[in-house]
Amino acid sequence: MDSQTPQSSQAPAASPSPRSFQVDLRGLVDLLSHHLYSSPKVYLRELLQNAVDAITARRAAEPDAPARVRLFAEPGALRVEDSGIGLTEADVHDLLATIGRSSKRAEGLQEARSDFLGQFGIGLLACFVVAERIRVVSRSARTPDAAPVEWTATDDGSYTVRTLPDEARPEPGTTMHLVARAGAAEWLAEDRVLALARDFGSLLPYDVRVGEEAVTDLPAPWDRPYPSPAARRVALGRHCHDLFGFTPLDAIELDVPLAGIRGVAYVLPSAVSPAQRAGHRVHLKGMLLTERAEQLLPDWAFFVRCVLDTDSLRPTASRESLYEDETLAAVREALGERIRAWLTGLAAGDPERLAAFLAVHHLGVKSLARHDREMLRTMLPWLPFETTDGRLSLEEFARRHRVVHFTRTVEEYRQVAPIASAQGVGVINGGYTYDSELVEALPSVRPGTVVAELDADTVTAHLDAVDPAVELALSGFLATARATLDPLGCDVVLRAFHPLSVPALHLDDRAARHEQARARAEEEADDLWAGILGSLRGEAPRARLVLNHLSPLIRRIGSLGGPELIGTAVESLYGQALLMAQRPLRPADSALLNRAFIGLLEWATNGEGDR
C-alpha cells in the first residue's frame, strides 16, 4: 500500500432509521386506572371536557354556534352528543389514533388554547378505564362539505375509520358511544352518570343535560344576588353543608380578578389539627378539577375549606391536582391575604363574631401571627392565653403586669402557677403551640413591654425569706433533709409563701433537667460512654425542694426527732411535690416514693403497737 494512501476509504455508516414505539393499549389503560387516575369516575370528566372544548373551539369561529352537551345512558352503554367543532377524517387519523396528541395543539386553535380545559391529549384513553369499545361519529364545522366520519376503537389497541352518509350526522358536532367493560356497567348507569355529571360539571358555561335533567347550576352560589346579607349567609351555609357536610361559622369571599379566581372559603365550626391537610374543591373553567387540593392555601389557614373556580391554575397530567408553580404560589399568597383581611375586618367591626371564631380556631390565628407582626398587633386584644390571672389576651395581661413572665412548658407552668399567683407574680403558660413565640414577640408590637422567662431562681426570689434565727434553729433538720435528697440531685431551701396548703414546691429548669438526664445516662452507660458523658458534666443549677415554713405540716416535721424519721418525711414531701408538678418519675424517684410510703406505714403501725 502506498504510504500516501489513507488507511481507510470506507464511507461513514448510515444512521439507523428511526422506529416508533409500540404501545400496549391494555397495559396503558391499566396504568391509567391504577396509577394516574384516582377513580374510574374521571372518565365522565374527560367526556365532558372533550365536549366543552369542542364547543369552545367552534364558538371561537362562530360566536353564535349552539352550545349543547347531551348524555344518554343505555343498558351497559353511554352516548354523549355535543354541538362542537367536530372532526374530519384527517383529524381522526391525526388526533384520535395518536396517543398524547391534543386537538388543542392543532394549527388554527393555538390562539384559543387558554380557553380549553384539556392540555395533555390523553383524555380519550380515560374512557377505556370503563369501556371496552368506543365509537365516535363526528362532522366538522370547519369543513362543512366533509362527510361524517366514524372512528371505532377497542381496548386491544385496534381501530377502524370510515366515512358515513350525510344523514348519519347532519349537523356539525360529535357523538361518542361507549360500551362498558366487564364489571364496569355500573359506571354507565343513568343515576351514576347524572350524579357524576353534576359533581364535575355544575359550573360549566354551556347547556349540559343527562337525558332531560339539567346538570349545570349557574350562576355559582357565591355569584348569585341575594335580598340581604343574612339570606346570603343562609344560602352559602346550605351550599357548604351540601358540599362538605358541615354548617360553617362564616363564609369568606375569595375574589382575585388578576388570577381569574372566584369562590368562597368556609370556616370550620370545630377545631382541627394544624397537621391535618385540608381538601379544597377547585374548578378549572367551570369543570371540577379536584376536591382534595391541599396546597391551595397557606399552611396557617387550616381552619377553612374552599370551593372556587379559576382559569389560571395549571393542572397536573391527571387533572386531579394542581401543578406547583409560580402562579399557584401567587394565588396561595393572594387567597391568604383575603383570609387575613377578613380577620382584620372582624377585629375592627364585629368583635362578637371574632370571639366566636377564636374560641374555636385561635391556634390558626396564632400560627399566622407568629410570622405577621401586623396580624399580631391586630389580634393582641383578642387572642386568649392561659395565665395566672385567668384566660386573658396578651394586651390585657401586659397592662396588668410590669414584667410579663412566661414558661416554655405546660409542666413548668403548673409547677409554679399557684405559688406565683399567691405572690402576685403574673405568669403566662407558654407551653401550648406557638404561645411562647408570641409572648417573646410582644415587645416588637408593644414597645416598652418587658418579657422574661420564668425560672427557678426567679420564683425563689419572690418567696419570702425565713428569719435567720428560725433557720438556724432548724439547721439540723435542714442538714438531714439535704443529705437525704442530695443523691437525687436536689437541694433543699426554706422559704415562707402562700398558699399554706402547699407544704413543699419542687423547682427546676431546663438546664437542671438536662443535667439530670446526662447524669442518668452516665449511670446506665458502659465505661466508654460513661467517660464521654462525664466529660460533659456542666455547672447547671440543681433542682430544689422549697419547704414552706408557713405550713403547719412543715413545722411539725421540723420538730421530729431522729434523722431516720425526718428522712422518710422529706422523701414523702419530695415525691408529693414531684407528683403535683406532674413531672415524669425517674426509676430513682419511683424507688424513693415506694420507700417513703413503706417507711410511713411502718412508723404508723409501730406507733399504734406502742400505744
Distance from [X] atom [atom1] to [Y] atom [atom2], nearest 0.5 Å?
X: Leu313; Y: Asp325; atom1: CG; atom2: CG; answer: 7.5 Å
X: Leu394; Y: Met379; atom1: CG; atom2: CE; answer: 12.5 Å
X: Leu243; Y: His241; atom1: CG; atom2: NE2; answer: 11.0 Å
X: Leu578; Y: His506; atom1: CG; atom2: NE2; answer: 4.5 Å
X: Leu368; Y: Asp299; atom1: CG; atom2: CG; answer: 11.5 Å
X: Ser590; Y: Arg595; atom1: OG; atom2: CZ; answer: 11.0 Å

Output, in order, the C-alpha distance, side-chain angles, deciding distance and verdict of side-chain contact (heavy atoms from CB on, under 4.5 Å) for Leu474 and Leu494.
CA-CA 10 Å; Leu474 294 173; Leu494 187 65; 3.8 Å; yes
Fit a plane to each ring of Phe244 and Phe246, take the angle between them on a 0 to 90° scale, and name the class: parallel (under 30°), tilted (30 to 60°) or perpendicular (over 60°).
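Phe244 and Phe246: parallel rings.
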Between the side chain of [X] and the main-chain N/O of [Y], is any donor-acceptor distance below 3.5 Å?
X: Arg482; Y: Val492; result: yes
X: His361; Y: Leu268; result: yes
X: Arg402; Y: Arg399; result: no
X: Tyr266; Y: Leu236; result: yes
X: Asn548; Y: Ala504; result: no
X: Ser367; Y: Leu363; result: no
X: Ser312; Y: Ala259; result: yes
X: Tyr413; Y: Thr387; result: yes
X: Lys366; Y: Pro384; result: yes
X: Thr568; Y: Ala596; result: no

Using every non-hydrogen atom in the two residues, find where [X] and [Y] come nearest and quote the distance to one decimal.
X: Gly567; Y: Thr484; answer: CA-OG1, 3.6 Å
X: His549; Y: Ile554; answer: CA-CG2, 4.5 Å
X: Gly426; Y: His405; answer: O-CB, 3.3 Å
X: Ala293; Y: Val282; answer: CB-CG2, 3.8 Å
X: Trp300; Y: Phe303; answer: O-CE2, 3.5 Å
X: Ile566; Y: Ile557; answer: CG1-O, 4.4 Å

Take Val256 and Leu335 through the test side-chain contact (heavy atoms from CB on, under 4.5 Å) and record every step on the way to the result.
CA-CA 8 Å; Val256 187; Leu335 295 180; 3.9 Å; yes
Is there a side-chain contact between [X] and [Y] in this structure, where contact means two heavy atoms from C-beta onward sitting under 4.5 Å apart?
X: Ser551; Y: Leu500; result: no
X: Asp372; Y: Thr378; result: no
X: Ile428; Y: Asp435; result: no
X: Asp589; Y: Tyr574; result: yes
X: Leu354; Y: Asp350; result: no
X: Asn429; Y: Val410; result: yes
X: Leu593; Y: Glu571; result: no
X: Trp382; Y: Pro351; result: yes

Check [Y] with [X], please: is the shortest side-chain N to carboxylate O separation under 4.0 Å?
X: Glu253; Y: Arg338; answer: no
X: Arg332; Y: Glu294; answer: no
X: Arg391; Y: Glu386; answer: no
X: Glu440; Y: Arg408; answer: yes
X: Asp255; Y: Arg262; answer: yes
X: Arg495; Y: Asp464; answer: no
X: Arg281; Y: Asp199; answer: yes

Begin from the C-alpha positions of Leu547 and Leu545 and carry the test side-chain contact (heavy atoms from CB on, under 4.5 Å) through to its verdict.
CA-CA 6 Å; Leu547 302 179; Leu545 182 69; 3.9 Å; yes
Tell me if the centroids of the rings in Trp342 and Phe357 come within less than 6.0 Å of each other.
yes
Run the side-chain contact (heavy atoms from CB on, under 4.5 Å) test on Thr310 and His283 for me, step by step, so that the C-alpha distance in whole Å, both residues' side-chain angles and the decisive distance to 0.1 Å come before the verdict.
CA-CA 6 Å; Thr310 176; His283 296 255; over 6 Å; no
Step-by-step salt bridge (Lys or Arg N to Asp or Glu O under 4.0 Å) determination, Glu396 to Arg446:
CA-CA 12 Å; Glu396 176 64 23; Arg446 197 176 189 275; over 6 Å; no
Please determine whether the number of non-hydrogen atoms from other residues, nucleotides or ligands lying under 6.0 Å from atom CD of Glu437 exceeds 12.
yes
Heavy atoms of other groups near Tyr226 OH, more than 12 under 6.0 Å:
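Enclosed.
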